[in-house]
There are 2 protein chains.
Amino acid sequence: MITLSEENYLKAIFLLSLNTNEKVSTNIIAAEIGTSAASVSDMLKKLQEKKLVEYEKYKGAYLTKKGRALASSVVRKHRLWETFLVNKLNFDWGEVHDVAEQLEHIKSEKLVDRLDSFLKYPSFDPHGEPIPTKNGEIPDTNTVPLNKLKTGTAGKVMGVTIDEKYFLDYLTKLNISIGTEIKLLEKISFDQSLNIKIETTNQHISHEVAKHLLIKMI
Amino acid sequence: MITLSEENYLKAIFLLSLNTNEKVSTNIIAAEIGTSAASVSDMLKKLQEKKLVEYEKYKGAYLTKKGRALASSVVRKHRLWETFLVNKLNFDWGEVHDVAEQLEHIKSEKLVDRLDSFLKYPSFDPHGEPIPTKNGEIPDTNTVPLNKLKTGTAGKVMGVTIDEKYFLDYLTKLNISIGTEIKLLEKISFDQSLNIKIETTNQHISHEVAKHLLIKMI
DNA sequence: TTAAATTTTTAGACATGTCTAAATTTATAT
DNA sequence: ATATAAATTTAGACATGTCTAAAAATTTAA
């Protein structure tokens with residue numbers, strides 16, 4: 001039996017090594033989960049015991065096939081529930097995270113399957129994040145972070161890479177949501193902030209914001 | 001903060017003292033929850049500390065106003081989720097209990113409100129059990145258990161009082177569901193079993209089954 | 001009304017997941 | 001190359017919720 005805590009650790013490692021597939025360090029996991037490095041050490045030992053991670057002392061850990069499948073299923077559930085909350089219960093995209101953090105741990109394969117069907121098999125959640133399939137595949141986004149766009153080019157917002165109320169509320173205030181058209185006008189080299197055109201109006205945003213906006217070129 | 005375990009104890013006491021409002025004994029609670037009397041003793045002390053129950057050693061416990069409100073909210077969530085699973089995700093009425101046992105602990109007032117609205121404010125769940133309102137009121141059923149019906153009278157099934165797969169599957173096999181018309185033909189005094197007419201066909205059922213079927217006379 | 005049976009509580013143990021402080025290992029910089 | 005800094009693990013503690021076995025209180029029945 002896998003516990004709620006274990007699921008949270010697996011999910012953290014999964015999300016931290018999405019692109020890299022490299023070992024993830026104790027401290028990074030601790031920061032992601034919001035706990036101490038000591039607790040992470042303890043837990044990595046337990047997950048190693050259960051063959052959910054490969055863990056080498058002082059070197060970090062990565063997911064086994066079994067661990068990756070479990071983590072992927074938790075992320076899948078999280079994003080399906082977020083989609084449900086926004087599409088069916090009219091939640092705002094900024095207020096679904098905490099509830100989905102709870103719902104992602106509900107254990108019922110049938111529930112997930114039915115929810116998926118009820119939502120018409122979505123590939124992306126309300127933040128544009130890909131929803132892993134039942135087999136653990138991750139839909140391709142074909143996007144780049146806004147700060148990597150070439151000056152002068154335009155694209156559509158396809159997603160965001162963090163799911164925090166204050167960030168999402170700020171985007172809403174800027175009139176940015178999934179599908180919004182953005183043109184990169186100028187990069188300020190001093191602080192890497194950006195002048196951009198959102199639909200028809202000009203705005204200035206920080207590097208910190210830009211790097212969490214996923215753009216598909218048009 | 002209230003824990004999942006505490007919620008389960010409050011719910012158990014709530015359901016065991018629905019009509020009576022009397023003190024509930026340690027052993028009865030232990031049986032309901034499926035744990036030992038020792039564990040119940042321990043927990044009652046904690047709930048007493050938190051002013052969720054009034055507990056007198058060796059005498060049992062009953063809910064305080066605060067405890068009753070919390071318990072009622074858990075039962076409300078359980079029954080709303082069961083309604084969601086059956087009405088929206090096409091679950092069978094016999095397979096929703098275990099999932100609802102998990103979902104009832106999700107903490108989000110907004111989620112419950114939105115779910116209630118999404119389901120069009122139901123008063124009864126798929127088993128005919130009343131769904132407590134937000135204020136903790138319990139919709140009236142005006143029903144009697146089938147075994148208390150007078151021989152020769154007829155009524156409609158309005159609900160069942162246990163939520164177990166084997167019982168519900170058996171009812172389905174007997175062609176009994178919410179709304180089914182039943183006439184009591186004969187009580188066998190030896191074992192209190194009943195001969196009944198279900199819609200148009202005659203059947204024989206045990207006292208054990210009859211007492212869990214809620215009938216409204218027509 | 002007193003002995004026996006039942007119920008309930010207490011005592012002590014264990015597993016889980018967390019923490020802080022100290023010890024150890026690894027990385028960095030002179 | 002070695003001292004220092006940073007990262008990581010270990011040791012020991014604590015809270016929660018559970019258990020079994022033994023003790024205490026209550027109920028039942030002769």
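What you see below is based on every heavy atom in this structure, not just the backbone, and it leaves out hydrogens, waters and symmetry mates. Naming convention: chains lettered A, B, ... in sequence-line order (proteins, then strands); numbering from 1 in each chain.
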Has [X] got a side-chain N or O lying under 4.0 Å from the OP1 or OP2 atom of [N]?
X: B:Lys57; N: C:dT7; answer: no
X: B:Thr3; N: D:dG17; answer: yes
X: B:Ser25; N: C:dT7; answer: no
X: A:Asn27; N: D:dT8; answer: yes
X: B:Lys45; N: C:dT10; answer: yes

Side chain of [X], heavy atoms from C-beta onward: which of [options] has the nearest atom to it?
X: B:Tyr55; options: D:dT18, C:dT9, D:dT8; value: C:dT9
X: A:Thr26; options: D:dT9, C:dG17, C:dC19; value: D:dT9
X: A:Asp42; options: C:dC19, C:dT8, D:dG17; value: C:dC19
X: B:Ala38; options: C:dC19, D:dT9, C:dT10; value: C:dT10

Rounded to whole Å, how long is the line connecting atom [atom1] of [X] with atom [atom2] of [N]?
X: B:Met43; N: D:dA15; atom1: CE; atom2: P; answer: 16 Å
X: B:Glu49; N: D:dA15; atom1: CD; atom2: C1'; answer: 14 Å
X: B:Tyr58; N: C:dT8; atom1: OH; atom2: C1'; answer: 5 Å
X: B:Glu56; N: C:dT8; atom1: CD; atom2: P; answer: 13 Å
X: B:Asn8; N: D:dT18; atom1: CG; atom2: C1'; answer: 14 Å
X: A:Lys59; N: C:dT24; atom1: NZ; atom2: C1'; answer: 14 Å
X: B:Leu47; N: C:dT9; atom1: CG; atom2: P; answer: 13 Å
X: A:Ile33; N: C:dG17; atom1: CD1; atom2: P; answer: 12 Å

With heavy atoms under 4.0 Å as the rule, sort [X] into base, sugar-phosphate or nothing.
X: A:Ser5; answer: sugar-phosphate
X: A:Ser41; answer: base
X: B:Lys46; answer: base
X: A:Ser36; answer: base

Original post:
Does a donor on one side chain and an acceptor on the other come within less than 3.5 Å for B:Trp93 and B:Ser177?
Top reply: no
Could you check whether [X] makes a cation-pi contact with [Y], meaning its NZ or CZ is under 6.0 Å from the centre of the six-membered ring and within 45° of the ring axis?
X: B:Arg114; Y: A:Phe91; result: yes
X: A:Lys88; Y: B:Phe118; result: no
X: B:Lys45; Y: B:Tyr55; result: no

Original post:
Salt bridge or not for B:Arg76 and B:Asp116, using N-O below 4.0 Å?
Top reply: yes
**OP:** Any chance you could measure A:Lys148, atom NZ, to A:Thr143, atom OG1, to the nearest 0.5 Å?
**Re:** 13.0 Å
Subject >> Along DNA chain C (nearest heavy atom to each residue), the more 5'-positioned of B:Ser39 and A:Leu4 >> reply: B:Ser39
